[in-house]
Number of protein chains: 2
Amino acid sequence: MAARPRLKDVAEYAGVSPKTVSNVINDFEHVSEQTRAAVREAIDALGYRVNIAGRQLRQGRTGMITLVVPELDVAYFSELAKHVMAEADRRGRTVLLHQTGAVRQRELAALRGFDTQFSDGLILSPLALLPHDLATRDRRLPVVLLGERSVEGSTDHVGIDNTRAARDATEHLLARGRRRIAVIGGAVRGRQGTDRLRTDGYREALKAAGLPFDAGLVVPVEAYHWQDGARAATALMERATPPDALLCLNDHMALGALRALHELGRSVPDDLDVVGFDDIEASRFSVPSLTTVAPDKQEIARAAVSLLLERIDDPDGGPLQDHVAGHQVIVRESSGG
Amino acid sequence: MAARPRLKDVAEYAGVSPKTVSNVINDFEHVSEQTRAAVREAIDALGYRVNIAGRQLRQGRTGMITLVVPELDVAYFSELAKHVMAEADRRGRTVLLHQTGAVRQRELAALRGFDTQFSDGLILSPLALLPHDLATRDRRLPVVLLGERSVEGSTDHVGIDNTRAARDATEHLLARGRRRIAVIGGAVRGRQGTDRLRTDGYREALKAAGLPFDAGLVVPVEAYHWQDGARAATALMERATPPDALLCLNDHMALGALRALHELGRSVPDDLDVVGFDDIEASRFSVPSLTTVAPDKQEIARAAVSLLLERIDDPDGGPLQDHVAGHQVIVRESSGG
DNA sequence: ACAGGTGTTTACATCGATGTAAATCTCATG
DNA sequence: CATGAGATTTACATCGATGTAAACACCTGT
């Protein structure tokens with residue numbers, strides 16, 4: 001096989017001009033049926049595929065969008081990625097995946113379009129990004145933000161009602177009679193992200209139940225990984241008055257906590273309850289299975305892709321949108337379900 | 001801010017020709033220190049970033065490679081992705097991630113370079129690909145195959161010694177006195193992938209121990225997911241003479257099996273042993289923790305990136321390579337560790 | 001002062017596709 | 001049969017960067 005065929009080769013083969021071939025490819029309306037058929041045939045015969053670099057150079061579009069997440073080995077993100085790809089597929093787009101390792105520099109680089117040049121737009125799930133970063137971003141690259149809403153009025157946004165979700169989960173534990181509920185991964189003073197919102201929701205639930213807030217029960221962690229949950233749970237249980245429930249701000253930490261509690265000989269949910277966030281697949285299969293707050297990942301993916309495509313088609317179209325996706329508390333064995 | 005600056009803008013700002021700027025960017029050696037400094041300053045002043053589409057159009061290279069995996073929510077792949085990205089980073093390349101959903105058409109599309117045009121080469125972990133597909137691939141796109149080696153002499157390849165690995169795992173179970181070892185996800189007649197190799201290894205171990213092979217203990221599954229493991233384990237335990245050990249060909253299935261056994265009231269490892277493959281993070285935290293065959297993911301990633309970059313730099317360089325990465329059986333609670 | 005060499009810089013064409021605008025064709029109407 | 005509206009097709013320039021090859025600068029030795 002020779003070199004990859006170009007548009008020009010197709011044109012010669014079909015006996016028309018290159019531009020006509022381009023018109024066929026792009027479904028331009030004024031092309032005769034006859035010509036269209038001839039071009040199609042030539043395309044098939046030569047196995048022609050449009051060169052995206054050439055196209056992008058000319059028209060600045062690639063038909064691809066990029067999903068930027070902190071870490072794909074955090075199951076929530078890989079599950080979300082699956083939904084986003086499915087939705088993009090339905091809309092005729094291709095998704096490129098980019099992971100930043102939760103490194104601010106990399107999130108910035110994505111925003112600046114360094115590693116993301118082939119993309120018409122970004123769906124970005126930030127972890128380390130500062131509000132200021134978003135303000136200074138390149139406005140020519142449409143961005144939809146997931147999760148926390150860093151800066152009002154800067155980009156479209158999709159997320160769940162984090163405060164409400166944490167409140168729901170806390171109320172579930174309170175309804176079961178739990179009174180000393182620890183928050184693993186909770187926000188200390190100064191934090192601004194979803195951890196802050198969720199911690200607020202936890203406090204709201206306590207207040208509504210007339211219970212005092214004990215800052216000592218809010219345990220910040222380094223990252224939202226298995227071992228962080230295990231470590232925090234162990235430390236909590238070694239206290240003089242250990243908690244009777246653990247509200248973990250993601251499932252990985254909750255599963256790590258379950259393991260730690262097992263090693264300490266505590267029984268879940270007999271001795272204490274454990275609740276997570278995200279509803280990753282592992283949570284259905286753990287022993288005990290994990291009660292968790294399930295964000296509607298499909299809704300999030302659909303809304304994010306929709307908003308992004310709208311923004312790409314019309315960068316100045318309408319006001320910024322903020323889509324609040326649904327969530328629900330799924331009660332499983334770890335809290336008596 | 002106006003439109004994105006081009007090479008030409010930098011050239012004008014620095015008072016040199018565009019080509020000189022290009023020379024600076026690409027570290028061409030014959031550029032005077034003075035000119036180089038002036039150009040660097042202009043680049044900084046304008047915030048110039050090279051346009052990869054333009055570059056690719058001209059020189060056919062992007063400096064990016066693509067990792068194509070079946071499903072990122074299979075933890076083995078997301079963990080591998082992390083290693084590949086780290087290694088690529090070390091080598092100054094950017095990795096694009098592409099998931100196929102284990103759909104053959106998508107794997108083919110990747111091989112044909114449809115969704116992968118921005119890539120100088122592919123690291124492909126196939127699931128549904130047929131040997132014939134590889135033979136008809138576009139030879140201009142360097143490819144390194146992971147996992148099974150579909151077709152001899154077609155691409156470079158990196159993987160572990162699957163037969164040996166399964167044999168090691170089986171021998172571990174035999175050494176613990178297990179005699180009825182089931183293989184979940186094992187290969188039936190006609191299959192060719194890693195499942196075949198691993199099933200062969202299992203048989204070798206039985207043979208070496210002088211034990212008969214019972215085809216009824218090899219249970220094929222639809223996919224390598226949690227629920228497949230749970231379902232297969234349940235079915236096996238309902239038999240008249242249930243197995244005394246489960247060799248699951250990945251960790252997800254093994255964890256699903258652990259859950260199913262818990263529901264059936266069987267104790268692991270007292271009643272029976274469970275062993276997995278892949279050593280995903282969840283396996284360290286399950287209850288009981290999971291004995292598993294750990295492939296050296298870092299070695300796999302390094303070898304794959306190295307081989308690919310060599311092939312990109314010199315497409316006709318030397319014979320095809322086949323790197324066999326290390327593995328080890330990590331004994332945890334699920335088999336008495 | 002000049003040929004010849006090394007080192008530095010530049011003009012120009014080109015990669016592949018498509019927007020613009022003009023050329024050409026078709027057909028109904030007067 | 002001429003005319004014009006509309007449909008179809010095409011020539012040409014262009015997006016941004018870089019390979020080629022030639023031009024230019026500077027230095028050495030005679």
Side-chain angles (χ1 to χ4, degrees), chain A residues 2-40 42-43 46-64 113-114 116-120 138 140-141, chain B residues 2-40 42-43 46-64 113-114 116-120 138 140-141:
Chain A
R4 178 173 172 162
R6 297 154 303 163
L7 194 93
K8 199 175 135 201
D9 302 320
V10 176
E12 279 165 13
Y13 187 102
V16 298
S17 77
K19 176 64 190 177
T20 297
V21 176
S22 171
N23 285 339
V24 171
I25 291 171
N26 294 288
D27 285 321
F28 180 64
E29 58 180 337
H30 299 306
V31 178
S32 71
E33 262 325 307
Q34 199 181 353
T35 307
R36 195 181 296 272
V39 170
R40 291 249 164 82
I43 288 175
L46 299 178
Y48 172 77
R49 292 278 172 213
V50 58
N51 178 318
I52 306 187
R55 169 180 287 175
Q56 181 181 25
L57 193 55
R58 180 65 237 217
Q59 65 176 14
R61 291 276 181 89
T62 63
M64 310 190 145
F114 184 58
T116 30
Q117 286 194 39
F118 292 125
S119 219
D120 297 339
D138 182 343
R140 288 180 304 271
L141 183 68
Chain B
R4 178 173 173 161
R6 297 155 300 163
L7 193 88
K8 199 175 136 200
D9 302 320
V10 176
E12 279 166 14
Y13 188 102
V16 298
S17 78
K19 175 64 186 173
T20 297
V21 177
S22 171
N23 285 340
V24 171
I25 292 171
N26 294 288
D27 285 323
F28 180 63
E29 58 181 337
H30 297 308
V31 179
S32 70
E33 261 326 306
Q34 199 182 354
T35 308
R36 195 181 295 271
V39 170
R40 290 247 163 82
I43 288 175
L46 300 178
Y48 172 77
R49 292 276 173 214
V50 59
N51 178 317
I52 306 187
R55 169 180 286 175
Q56 182 182 24
L57 193 54
R58 180 64 237 216
Q59 64 177 14
R61 290 276 181 89
T62 63
M64 309 189 147
F114 184 57
T116 30
Q117 287 194 38
F118 292 124
S119 212
D120 297 339
D138 182 344
R140 287 179 306 272
L141 183 68

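First the proteins, then the strands, lettered A, B, ... as listed; each starts at 1.
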Report summary line: Correct closest heavy-atom pair for A/T35 and A/S32 would be OG1-OG, 2.7 Å

Might you list the N or O atoms of the protein lying below 3.5 Å from N or O atoms in nucleotides 22-28 of chain D, with each pair's distance?
none

Requested in this report: To the nearest 0.5 angstrom, please state how far the CG atom of A/L46 sits from the CZ atom of A/R6.
Outcome: 11.0 Å

Report summary line: Partner of B/F28 under side-chain contact (heavy atoms from CB on, under 4.5 Å), picked from B/N26, B/V31, B/I25, is B/V31

Report task. Ignoring hydrogens and angles, tell me if any N or O in the side chain of A/T62 forms a donor-acceptor pair with the backbone of A/F118 under 3.5 Å. Result -> yes

Query raised in the report: Do any N or O atoms from the side chain of B/R49 and from the backbone of B/R4 form a donor-acceptor pair under 3.5 angstrom?
Result: no

Report task. Kindly indicate whether the side chain of A/R36, heavy atoms from C-beta on, has any atom under 4.5 Å from the side chain of A/D27. Result -> yes

Report summary line: For A/A53 and B/L57 the tightest heavy-atom approach is CB-N, 4.5 Å

Under 3.5 Å, which N/O atoms of the protein pair with N/O atoms of nucleotides 4-8 of chain C?
{"residue": "C/dT8", "atom": "OP2", "partner": "B/H30", "partner atom": "ND1", "Å": "3.1"}

Query raised in the report: Checking side-chain contact (heavy atoms from CB on, under 4.5 Å) against B/V16, which of B/N23, B/V10, B/V39, B/V24 comes through?
Result: B/V39

Query raised in the report: Hey, does the side chain of A/Q117 reach the backbone of B/I52 with a donor-acceptor pair shorter than 3.5 angstrom?
Result: yes

Report summary line: On a heavy-atom basis, the closest approach of A/A42 and A/A14 is CB-CB, 3.8 Å

Query raised in the report: What is the per-nucleotide protein-contact pattern of nucleotides 16-25 of chain C, from the 5' end, where B denotes a base atom under 4.0 Å from a protein heavy atom, S denotes such proximity for sugar-phosphate atoms only, and - denotes neither?
Result: BBBBB-----

